Amino acid sequence: MAELKSCNEWKPFIAMIAIDFSFAVVNILLKKVLDQGMNHLVLITFRLSISTIFLAPIGYFWERNSRPKLTPRILCYLFCSAIVGASLTQYLFLLGIQYTSATFACAFVNMVPVLTFLMALPFRIETVNLKSNSGRAKILGSVICVGGALLLTLYKGMPLFKHPQSKAMAPTTGNAIKLSNSRRAERWTIGSLALIVGTLLWSSWFIIQSHVGKRYPCQYSSTAIMSFFGAIQSALLSLSTSRDLSMWVLKGKVEIITVLYAGMIGSGLCYVGMAWCVKKRGPVFTAAFSPLVQIMAAMFDIPILHEQLNLGSLLGSIVVIIGLYILLWGKNKEMQNCASKIGQEAKEIREQETQLPVIRVSCDSSCPEAN
């Protein structure tokens with residue numbers, strides 16, 4: 001029993017590692033097709049549509065006996081979840097990357113764990129007891145994660161490896177169009193605002209998902225409905241910005257593979273896994289793994305794409321892992337304390353029940369007989 005309990009405690013941790021690994025692969029594929037000129041919103045629409053088609057039959061057959069009634073309130077939650085977790089958030093991040101840089105955008109993504117933690121406090125989804133070691137560890141781990149994420153993205157440092165065939169890293173403004181200084185500053189401001197709003201929306205998705213999980217605890221069905229809403233939202237957004245129908249035609253095997261993998265795995269199973277982890281361990285635990293995506297993506301970039309590894313990336317990754325470990329230790333300690341407290345209360349209740357006097361009623365010959 002103890003081994004089974006220990007295995008169940010590690011399942012969310014293992015699931016988030018696998019999810020971040022899958023997201024890293026998605027990011028590599030997205031980088032490839034976006035560099036080839038694929039439209040951002042078209043990619044989001046295809047990705048969410050594939051996710052809907054892939055998850056809908058699984059959710060229908062797998063959860064048909066346990067699925068609660070789909071009320072208008074739950075549909076409203078899922079519609080908002082699609083906005084803040086799929087369509088609008090992805091569009092804002094892609095807009096921010098286009099107007100600023102990928103490195104600058106990563107600094108905002110890595111702020112998600114702390115923002116989620118702060119958002120969870122007013123809703124009492126997370127509690128902090130500064131007098132306990134677990135509460136102090138959660139705060140310290142969050143701060144260290146942010147420091148490591150900033151170090152990872154803002155400090156480059158000296159190169160650690162030399163790839164003779166590797167191309168030099170693009171400058172931080174490589175994705176921006178060469179414009180006048182005033183126009184470039186305006187675009188950078190718009191991109192920064194888009195990243196700020198996108199980060200707030202992505203952090204709020206974890207909070208909304210915690211409410212969805214309580215009212216509609218069917219991860220496959222809820223993710224399929226969310227992807228359906230997100231596909232409609234991103235398609236309308238795409239058609240409102242451009243009416244060129246030729247951009248909806250997929251060109252080559254790489255784009256097809258990317259759309260299928262990003263849809264079925266990235267927006268499908270990964271979102272199902274995150275919804276399950278939010279249900280089991282809460283939004284802060286799930287969001288705390290966000291910086292690992294960038295670290296795992298670098299594991300592909302260096303040996304496969306021959307990208308350069310710099311000292312800042314290595315040091316930042318180490319600091320993020322240390323902060324993540326402290327945060328998860330605090331969360332685990334808090335759960336152990338909570339379980340111990342519940343067990344102690346149950347034990348006291350049982351002891352009180354055994355101490356209650358037992359009143360016995362007997363019927364002897366003096367009792368009148370019923371006629």
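All values reported here derive from a predicted model rather than from experimental measurement.
Taking all atoms of both residues into account, the shortest heavy-atom contact from Leu78 to Met226 is O-CG, 4.0 Å. Scanning both residues, Ile326 and Ala137, for their nearest heavy atoms gives CG2-O, 3.4 Å. Shortest non-hydrogen contact noted between Lys251 and Glu255 is N-OE1, 2.7 Å. Contact between Thr116 and Ala287 at its shortest, heavy atoms only, is OG1-CB, 3.6 Å. The two atoms that bring Met38 and Leu250 nearest to each other are CE-CD2, 3.4 Å, heavy atoms only. Gly148 and Val319 get closest at one heavy-atom pair: CA-CG1, 3.4 Å.
Counting only heavy atoms from C-beta outward, the side chains of Leu92 and Leu88 approach each other to under 4.5 Å. The shortest side-chain heavy-atom distance between Phe285 and Met16 falls under the 4.5 Å cut-off. With a 4.5 Å cut-off on side-chain heavy atoms, Leu327 and Leu140 do not count as touching. Between Asn39 and Trp248, every side-chain heavy-atom pair lies at or beyond the 4.5 Å cut-off. In this structure, the side chains of Ser222 and Pro217 stay at 4.5 Å or more apart for every pair of heavy atoms. No side-chain heavy atom of Phe206 sits less than 4.5 Å from a side-chain heavy atom of Met119. Here the side chains of Lys333 and Asn133 are not in contact, with every heavy-atom distance at 4.5 Å or above. No side-chain heavy atom of Val212 sits under 4.5 Å from any side-chain heavy atom of Ile74.
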Please tabulate, for side-chain N and O atoms in residues 227-240, each donor-acceptor pair with protein atoms closer than 3.5 Å (sequence neighbours left out).
| from | atom 1 | to | atom 2 | distance (Å) |
| --- | --- | --- | --- | --- |
| Ser227 | OG | Ser51 | OG | 3.0 |
| Ser227 | OG | Thr223 | O | 2.9 |
| Gln233 | OE1 | Ser87 | OG | 2.6 |
| Ser234 | OG | Thr45 | OG1 | 3.1 |
| Ser234 | OG | Gly230 | O | 2.9 |
| Ser234 | OG | Ala231 | O | 3.1 |
| Ser240 | OG | Leu236 | O | 3.2 |
| Ser240 | OG | Leu237 | O | 2.7 |

Less than 3.5 Å apart, which donor and acceptor atoms pair up between the side chains of residues 256-280 and the rest of the protein, not counting sequence neighbours?
| from | atom 1 | to | atom 2 | distance (Å) |
| --- | --- | --- | --- | --- |
| Thr258 | OG1 | Val254 | O | 2.7 |
| Ser267 | OG | Arg47 | NE | 2.6 |
| Tyr271 | OH | Gly85 | O | 2.6 |

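Taking CG of Leu115 as the start and CG of Leu118 as the end, the distance is 6.5 Å to the nearest 0.5 Å. For the atom pair CD1 of Ile44 and OH of Tyr91, the computed distance is 9.5 Å after rounding to the nearest 0.5 Å. In this structure, OG1 on Thr89 lies 10.0 Å from CG on Leu200, to the nearest 0.5 angstrom. Note that the CD1 atom of Ile50 and the CG atom of Leu55 stand 11.0 Å from one another [nearest 0.5 Å].
Clustering ILVMFWY residues whenever any of their side-chain heavy atoms sit less than 4.5 angstrom apart, transitively, puts Leu193 in a cluster other than the one holding Leu95. Note on Ile342: it does not cluster hydrophobically with Ile349, by side-chain heavy-atom contacts below 4.5 Å among ILVMFWY residues. Residues Ile318 and Met158 fall within the same hydrophobic cluster, defined by Ile, Leu, Val, Met, Phe, Trp and Tyr side chains chained together at heavy-atom separations under 4.5 Å. Hydrophobic clustering, with ILVMFWY side chains joined whenever heavy atoms are under 4.5 angstrom apart, keeps Val249 apart from Val42. No continuous path of hydrophobic side-chain contacts links Ile53 to Phe46 [ILVMFWY only; heavy atoms under 4.5 Å].
The backbone N or O of Asn129 lies less than 3.5 Å from a partner atom in the side chain of Ser132, making a donor-acceptor pair. With hydrogens and angles disregarded, no donor-acceptor distance shorter than 3.5 Å links the side chain of Glu334 to the backbone of Gly330.
For residues 201-220, every residue pair satisfying the side-chain hydrogen bond (donor to acceptor under 3.5 Å, both in side chains) rule, not counting sequence neighbours, is listed here: Ser81-Trp205.
Using modelled atom types and a 3.5 Å distance limit, the side chains of Ser242 and Asp244 yield no donor-acceptor pair.
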**Q.** Residue pair Ile225, Phe79: steps toward the side-chain contact (heavy atoms from CB on, under 4.5 Å) verdict
**A.** CA-CA 8 Å; Ile225 297 172; Phe79 185 83; over 6 Å; no
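No more than 12 heavy-atom neighbours from other residues, nucleotides or ligands sit within 6.0 angstrom of CH2 on Trp62.
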